[in-house]
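To start, the structure itself, in structure tokens.
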Amino acid sequence: MTSNNGKSDAVIETIGLKKEFNGIEVLKGISVKIQKQEVVCIIGPSGSGKSTFLRCLNLLEKPTSGQIFIEGIDITSPACNIDLIRTNMGMVFQNFNLFPHMSVIENITLGPRKIKKTPLQKANQQAMILLSKVGLKEKANSYPEELSGGQKQRVAIARALAMQPKVMLFDEPTSALDPEMIGEVLDVMKSLAYEGMTMVVVTHEMGFAKEVSDRVLFIDDGLVVEDNKPELLFQNPENPRTKSFLSKVL
Amino acid sequence: MGIYKWLLYVYKKLPLLAEGTLLTLELTFIAVSLGFVIGTFAGIGRLSKNKFVKTIAAIYIDFIRGTPLLVQILLVYMGLPQIIGKPIPAMLAAIVSLSINSGAYVAEIVRAGIQSIDKGQMEASRSLGMTHSQTMRYIILPQAFRRIIPPLGNEFIAMLKDSSLVSVIALEELMRKAQLVYTRDYRPFDILFAVSIIYLIMTLSISQLVRYSERRLRVNDKQ
Ligand SMILES: Nc1ncnc2c1ncn2[C@@H]1O[C@H](COP(=O)(O)OP(=O)(O)OP(=O)(O)O)[C@@H](O)[C@H]1O
Ligand SMILES: [Mg+2]
């Protein structure tokens with residue numbers, strides 16, 4: 001259950017990951033390894049299974065079959081304590097999902113206080129450091145509804161970081177934003193990447209993928225069709241499906 | 001009959017009516033409060049993944065909502081003593097039956113309130129590593145409770161009116177007081193009309209409060 005099969009020090013490894021919804025196979029056997037400090041972008045057409053794949057990684061979706069290892073631990077095993085695994089994996093959603101009944105700083109300190117039992121004062125200090133990192137120190141006592149989309153998403157990133165995760169999962173973090181706010185969120189993500197955070201990012205921002213990622217996965221119809229360095233994948237796609245997708249989005 | 005005669009008559013009965021009104025309010029308040037506790041558990045139970053819990057909650061809710069309150073009151077007051085072999089005081093029987101009744105209606109309100117919370121809230125909280133029950137406690141229920149204040153107010157109004165049914169077990173709340181008065185004075189219209197007005201004042205005041213809280217909540221939601 002807790003072996004890493006002697007294979008690697010991959011932070012995330014999926015083996016033959018499949019997922020069905022009501023008998024329809026959405027993921028058709030995905031095997032991927034993601035190393036420490038790697039930034040992996042996932043691109044692909046709408047409905048191809050990108051979100052489902054990402055959500056399987058912290059078991060927000062339960063895979064139908066296959067295995068997922070997080071730092072060598074098989075999280076698909078019934079004996080695995082998924083709550084504990086999740087504390088090491090931050091997730092950022094397209095729609096932010098901030099807690100509307102809590103102030104910004106309460107959003108950020110909730111996890112550390114309730115899960116790690118961090119004392120209030122220390123949790124607040126750490127939250128303020130995170131807030132200045134995402135450039136929102138002055139918004140500590142605001143409520144989510146008082147923030148712009150870009151600000152909300154930066155708070156959501158700070159909230160995820162407050163648990164000091166080893167991996168960050170992003171599901172189209174800029175897709176719900178007005179164009180002028182996309183940059184501020186991508187900048188935060190970039191600085192995170194340069195600090196060495198392991199990141200898996202589902203995105204339509206091809207510029208970000210090219211500039212920041214170490215690897216790009218192209219997912220189509222529930223399968224990883226191409227998996228390569230960004231410069232190779234974008235300039236010289238091997239698969240005709242990748243080619244045709246890129247010709248539409250670039 | 002002049003209105004002055006009526007007013008004078010009601011005025012004389014005012015102490016009695018006040019006693020009845022107080023008991024009616026007391027019963028309603030206790031029933032809805034206990035109903036709120038019962039209903040919160042039953043409403044959460046109704047949404048549980050555990051089949052057993054879910055079934056128990058569903059049977060409770062459906063049984064209560066599908067049978068007349070009058071039958072429930074008598075079932076507790078007259079029926080239960082047959083089983084347990086000793087009588088139950090009317091006050092206790094009234095509180096038990098009204099609370100259990102209110103609980104079933106509150107359960108449906110709570111269930112709807114929980115279901116109205118975006119599922120992204122649950123996912124965001126769970127993805128932090130919070131357990132299901134921590135998420136319910138800190139994220140889902142606080143938001144759901146805010147939303148159900150207006151329907152809870154309506155439940156309070158309904159219970160205030162329905163509590164008049166406990167007059168059948170001789171508990172001297174407002175309705176029973178009226179009955180006692182008209183069987184003695186033979187002026188049923190006068191006293192029943194007065195009682196109607198008292199109920200009306202109470203329900204209108206509460207619905208004003210509900211409307212006010214609705215407005216407040218809408219403002220908070222926008223901000
Ligand atoms: N909870 C669900 N129940 C049923 N079907 C689902 C569910 N979630 C996703 N699907 C289906 O699975 C398929 C893959 O969805 P997914 O959200 O993973 O795609 P995606 O690649 O993220 O698309 P997009 O770019 O539009 O976000 C779609 O056909 C979708 O309708
Ligand atoms: Mg998606």
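Lettering of chains follows the sequences in order, A, B, ..., and the numbering in each one begins at 1. Predicted, not measured: the structure shown is a model, and the values here were computed from it.
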### Heavy-atom neighbours of A:Phe21 CZ exceed 12 at 6.0 Å
yes
### Query
Do other residues, nucleotides or ligands put more than 12 heavy atoms under 6.0 Å from A:Gln121 CD?
no
#### Entry: B:Arg126 and A:Asp83, any side-chain heavy atoms less than 4.5 Å apart
yes
### Query
Would you find more than 12 non-hydrogen atoms of other residues, nucleotides or ligands less than 6.0 Å from A:Lys122 atom NZ?
no
### Task
Could you tell me whether the side chain of B:Gln121 and the main chain of A:Leu98 form a donor-acceptor pair under 3.5 Å?
yes
### Query
Short question: side chain of A:His101, backbone of B:Tyr138 - any donor-acceptor pair under 3.5 Å?
yes
### Query
Roughly how far, to the nearest 0.5 Å, is the CD1 atom of A:Ile108 from the CG atom of B:Leu128?
11.0 Å
### Task
Sort out for me which of A:Ile85, A:Thr87, A:Leu84 touches chain B most, counting heavy-atom pairs under 4.5 Å.
A:Thr87
### Query
In this structure, are over 12 heavy atoms from other groups packed under 6.0 Å from B:Phe41 atom CZ?
no
### Query
Under a 4.5 Å heavy-atom cut-off, does chain B meet the side chain of A:Met89, its backbone, both or neither?
backbone
### Message
Please check this pair: side chain of B:Gln134 against backbone of A:Lys114, looking for a donor-acceptor N/O pair closer than 3.5 Å.
### Response
yes
### Query
At a heavy-atom separation under 4.5 Å, does A:Phe99 approach chain B through its side chain, its backbone, both, or neither?
both
### Query
Quick one: CE on A:Met102 to CD on B:Gln143, what's the gap to the nearest 0.5 Å?
8.0 Å
### Message
Using heavy-atom distances under 4.5 Å, tell me whether A:Arg159 contacts chain B through its side chain, its backbone, both, or neither.
### Response
both
### Query
What part of A:Asn95 is in contact with chain B, defined as an atom under 4.5 angstrom from a non-hydrogen atom: side chain, backbone, both or neither?
neither
### Message
For chain B, which candidate among A:Met163, A:Arg55, A:Met91 shows the most heavy-atom pairs at distances under 4.5 Å?
### Response
A:Arg55
### Query
Does a side-chain heavy-atom distance below 4.5 Å link A:Arg86 with B:Met130?
no
### Task
Might you confirm whether atom CD of A:Glu195 has over 12 heavy atoms from other residues, nucleotides or ligands at distances under 6.0 Å?
yes
### Query
What distance do A:Ile82 atom CD1 and B:Ser127 atom OG have between them, rounded to the nearest 0.5 Å?
11.0 Å
### Query
Are any of the side-chain heavy atoms of A:Asn97 and B:Asp118 separated by less than 4.5 Å?
yes
#### Entry: NZ (A:Lys116) with more than 12 external heavy atoms under 6.0 Å
yes
